[in-house]
Amino acid sequence: MQPLSVSAQTRLLVVAPHPDDETIGCGLLVQQVLAAGGMVRLLLLTDGDNNPWPQRFIERRLRIDDAARKRWGVRRRAEVMHAIAQLGVPASALHPLGWSDMGITNRLRDDAFGSMAAIRAQLQEFQPSVICCPALDDRHPDHGAAHVLCSLALSDMPSAPTLLAYPVHGEANTERYPILVEAAADQQQRKSRALEENQTQMALSGRRMRRLALGPERYMAADTAAGDLRLPWRPPSALGRWLRLMVATPAGVQDWRWIDAPIARDPDGTYRFTWPSGHPLPKPAFAKLHLDWPTPWIFDHWGWHAL
Ligand SMILES: [Zn+2]
């Protein structure tokens, strides 16, 4: 276990795909940075507006049209303002991008350079010393894609800040997340109060969220140089024609049908990615195996892998 030290020089940028991720993932660290005299900025990628089941439950309606979805986003934006106020973060530190909830992977695929530029603009303006972003293997697709985007955005910075990844959906054991932020009881209580401000989320998922917010926070240092061209997946061949392989690097994003993707199969059955241009693969590089059809299941089955 490694503690994380903060000081008056710490400039912490928290990247949250949705309202409440900042509190679940970093609510203690945020308080400790502020207590040490450091600075905090929250980059909120979406307003969490694509959240139909809690909305149906709370608003007692079945059909969620565009106006209803927009209204929900406004409500969740207000909740995150109240939540960060509990953590001591001023409203001026919130920087919302208003991207489409459940749409970060497609945004990355369709406008990789524009998306990276939006993150880079924040980095240049705020000059963080530490960035906390979601984990690459978080099962929510917006979270994995946010990690990829942050890593890509950092790739051309002359003195890159420390990139830490926090878990929300998925396993969070100490072996994978060895950096711990432990807090005094009053900080833990403020984190709980901040979480309770997310009333739209507490209605259906309160128990899960309270469990996630208990105890110390865990982080891993993102190693943007790490990677393996051998892919971890052996998808069933019956799915072959519906599968796609997306690869994201600082040079852009490509999304092939699995059967057309530049991969070779090793004698042991492992698939290996082969960068098609003949040049070295630009780093960092990430691959995602995904299905080509829409599904009501929001979580990733295969997710991302660092190449
Ligand atoms: Zn989230």
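Note that the coordinates shown come from a computational prediction; the quantities given were computed from them, not determined experimentally. Whatever order the structure lists ligands and atoms in, that order sets their numbers, starting from 1.
Between K70 and D66 there is no salt bridge, since none of the side-chain N atoms of the basic residue sits less than 4.0 Å from a carboxylate O of the acidic one.
Around the Zn ion (ligand 1), the protein contributes the following N, O or S atoms under 2.8 Å, ordered by chain and number: H18 ND1, D21 OD1, D21 OD2, H143 NE2.
Surrounding CZ of R234 are more than 12 heavy atoms belonging to other residues, nucleotides or ligands, all under 6.0 Å away.
Because its NZ or CZ atom is not both nearer than 6.0 Å to the ring centre of W72 and within 45° of the ring axis, R69 does not count as a cation-pi partner of that residue.
Using a 4.5 Å cut-off between side-chain heavy atoms of Ile, Leu, Val, Met, Phe, Trp and Tyr, with links allowed through other members, L154 and L97 fall into the same hydrophobic cluster.
With no hydrogens or angles considered, a side-chain donor-acceptor pair links R218 and T174 at under 3.5 Å.
Residue pairs meeting the ring pair (Phe, Tyr, Trp, His ring centres under 6.0 Å) criterion with at least one member in residues 5-47, sequence neighbours excluded, are H18-H140, H18-H143.
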